[in-house]
Amino acid sequence: MYLHGTSRVNEKGHLEIAGCDAVELAQKYGTPLYVYDEQLIRSKIRSFIDAFKRNDIPFQVAYASKALSTVAMCQIASEEGLCLDVVSGGELYTALKAGFPSSRIHFHGNNKTVDEITMALDAQIGCFVVDNLYELHLLNQLATEKGKEVSILLRLSPGVEAHTHEYIQTGQQDSKFGFDIISGQAIDAVGKTMELEYLKLLGFHCHIGSQIFETEGFTLASKRFLQIVEEVKNKYEFEIKVINLGGGFGIRYVDGDNPLPLESYVDAIVQTVKMECIGKNLKIPEIWVEPGRSIVGDAGTTLYTIGSSKNIPGIRKYVAVDGGMSDNVRPALYQARYDAFIANRVNDEPNELVSIAGKCCESGDMLIYDIELPEPKTGEILAVSCTGAYGYSMASNYNRIVRPGVVFVKDGKSAVVVKRETYDQIVQNDNEINYEEFTCPLSG
Ligand code: LLP
């Protein structure tokens, strides 16, 4: 059993997170429940910031809010001095509602809509990460109409294949994201940007994938970037100021996951960039990164109540909990693996091999296959660890299940930062059938 952050086993043999007994949290707020260790989130943020400071280089750390976008999380990111990566009007709206300083917001996405771009321009965000030529021209047109100069990064796909699940690797050449470097689209996009009056090119961005355990992908991408920075300098007499290497730093979900300390990624990137710049006689650019999972992943634990079970002799024992793919789709979507324990008797010896099933009407709704636990019983609390990234943010109302609440814990105190949904909220946008003559306002 591996306990993250401030988690420990208390005198009652219960899981305790930041001084709060997990069994009592489950009683008080109901299950399923996402519980976050606030101090662990802050210490991960500080690891990134300290690593850059130690390397004495201009930098920005932008929290990738897709991993967990809530008002409270944006406030923590703001207090810790981070920038914020948003990828939709909804994430931008959440950040603005949280009072996140708009000048520190970066807007990503491969198909930003006119409405989203307009919203971001009106909010005067810090920069757009432009993904394609369509967006480049659209952004310039909208910025021109508003008479506002806009800072941009160009997202490039560096042709680096990170060793991770196929659906979460993004930097390879065959990807929907970014301008391809290998076929020359990237360098052409720089030329086009320079012709557009209202766009100010700060630099380049890439994101090579997620849950990466090695530094090589990042150092290779840095080298590719500096080659293109050199090419741009020679061709356009223009020197890039920023390189943004995205996120993707891996975390420990289960035994056998061996993530590097966060500072090793930063050290490797900074050293490579410095060496390449010296070799090529380039000014050292600002280095930006965008961690999501590595900031919130292991700070999150989901608490469930154990319900039914089904034993198929010689085949498998299913133990079902009161959530599943509706609050954590990652096992079904990426075959993601998780560790779990019985929160009300953490120290008991595991004596049974079981598989944890969700409650959705779908055979693939399995949270964990084959885990050794002390015989789980109905009514006990199962804690699944490391669910902090892409759990709540990818939750759905499949089967019209309400999304769980989110509670932050710190120094023996708890705060509900997202309320559990209610059945009324499930039907609040539903209407009865009430036909009216169809006319389209635009066609008059
Ligand atoms: N920057 C960009 C442009 C990204 O696309 C992402 C993640 C990040 C930063 C943050 O990556 P992180 O540090 O969290 O690995 N839903 C998947 C992960 C998808 C990641 C998408 N992009 C999962 O649950 O594993």
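We count ligands from 1, going down the list as the structure has it; atoms in each ligand are counted the same way. Just so it is clear, the model here is predicted, and its values are computed rather than measured.
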A.B. asks: By number and element, which atoms of ligand 1 are closer than 4.0 Å to a non-hydrogen atom of A64?
C.D. replies: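 By the 4.0 Å cutoff, the relevant atoms are 8 (C), 9 (C), 10 (C).
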A.B. asks: Considering only heavy atoms of P291, which atoms of ligand 1 have at least one such atom less than 4.0 Å away?
C.D. replies: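 Checking each atom against P291, I get 13 (O).
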A.B. asks: Have a look at ligand 1 and work out which part of R293, if any, has a heavy atom under 4.0 Å from it: side chain, backbone, both or neither.
C.D. replies: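 Near ligand 1, R293 shows its backbone as well as its side chain.
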A.B. asks: Do you see a donor-acceptor pair shorter than 3.5 Å between the side chains of N399 and E362?
C.D. replies: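 The answer is no; no qualifying pair exists.
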A.B. asks: Taking the six-membered ring for Trp, are the ring centroids of H205 and W288 within less than 6.0 Å of each other?
C.D. replies: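 Centroid distance H205-W288: not below 6.0 Å, so no.
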A.B. asks: Measure from atom 13 (O) of ligand 1 to every heavy atom in S210, C206, G248 and give the option owning the shortest one.
C.D. replies: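 Considering heavy atoms of S210, C206, G248, the nearest to atom 13 (O) of ligand 1 sits in G248.
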A.B. asks: Looking only at N/O atoms, are R330 and ligand 1 under 3.5 Å apart anywhere?
C.D. replies: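 Between R330 and ligand 1, an N or O pair is found under 3.5 Å apart.
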A.B. asks: When the ring planes of F107 and F128 are compared, do they come out parallel, tilted or perpendicular, using 30° and 60° as the limits?
C.D. replies: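 Rings of F107 and F128: tilted, 30 to 60°.
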A.B. asks: Does ligand 1 have a heavy atom under 4.0 Å from the side chain of L333, from its backbone, from both, or from neither?
C.D. replies: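 Under 4.0 Å from ligand 1, L333 contributes no heavy atoms.
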A.B. asks: Can you label the angle between the F48 ring and the F249 ring as parallel, tilted or perpendicular, going by 30° and 60°?
C.D. replies: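 Ring orientation, 0 to 90° scale: tilted.
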A.B. asks: If we ignore angles and hydrogens, is there a donor and acceptor under 3.5 Å between the side chains of S183 and D180?
C.D. replies: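 A donor-acceptor contact under 3.5 Å links the two side chains.
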A.B. asks: Hey, what do you get for OG1 (T219) to CG (L245), rounding to the nearest 0.5 Å?
C.D. replies: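 So the gap between those two atoms works out to 10.0 Å.
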A.B. asks: Whether K146 and D122 form a salt bridge (side-chain N of Lys/Arg under 4.0 Å from carboxylate O of Asp/Glu) is what I want to check.
C.D. replies: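 Result for this pair is yes, salt bridge flagged.
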A.B. asks: Is there a polar contact between ligand 1 and G292, counting only N or O atoms under 3.5 Å apart?
C.D. replies: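 Between G292 and ligand 1, an N or O pair is found under 3.5 Å apart.
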A.B. asks: Under a heavy-atom criterion of less than 4.0 Å, does S294 contact ligand 1?
C.D. replies: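 No; S294 lies far enough from ligand 1 that no heavy-atom distance drops under 4.0 Å.
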A.B. asks: Need the ligand 1 atom indices (1-based, order shown) with element for anything under 4.0 Å from a heavy-atom of H205.
C.D. replies: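 Every atom of ligand 1 under 4.0 Å from some heavy atom of H205: 3 (C).
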A.B. asks: Under 30°, 30 to 60°, or over 60°: which ring-plane class applies to F218 and Y265, parallel, tilted or perpendicular?
C.D. replies: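 Answer is perpendicular, since the angle exceeds 60°.
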A.B. asks: If you draw a 6.0 Å radius around CZ in R252, do more than 12 non-hydrogen atoms from other residues or ligands fall strictly inside?
C.D. replies: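 For R252, atom CZ is crowded (more than 12 foreign heavy atoms under 6.0 Å).
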A.B. asks: Provide the number and element of each atom of ligand 1 under 4.0 Å from a heavy atom of R155.
C.D. replies: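 Going through ligand 1 atom by atom, the ones under 4.0 Å from R155 are 3 (C).
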A.B. asks: When you look for heavy atoms under 4.0 Å from ligand 1, do you find them on the side chain of E290, its backbone, both, or neither?
C.D. replies: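 Both of them.
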A.B. asks: Which residue from H207, H106, Q211 reaches closest to atom 7 (C) of ligand 1 through any of its heavy atoms?
C.D. replies: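 Considering heavy atoms of H207, H106, Q211, the nearest to atom 7 (C) of ligand 1 sits in H207.
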A.B. asks: In ligand 1, which numbered atoms sit nearer than 4.0 Å to a non-hydrogen atom of H108?
C.D. replies: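 Close to H108: 3 (C).
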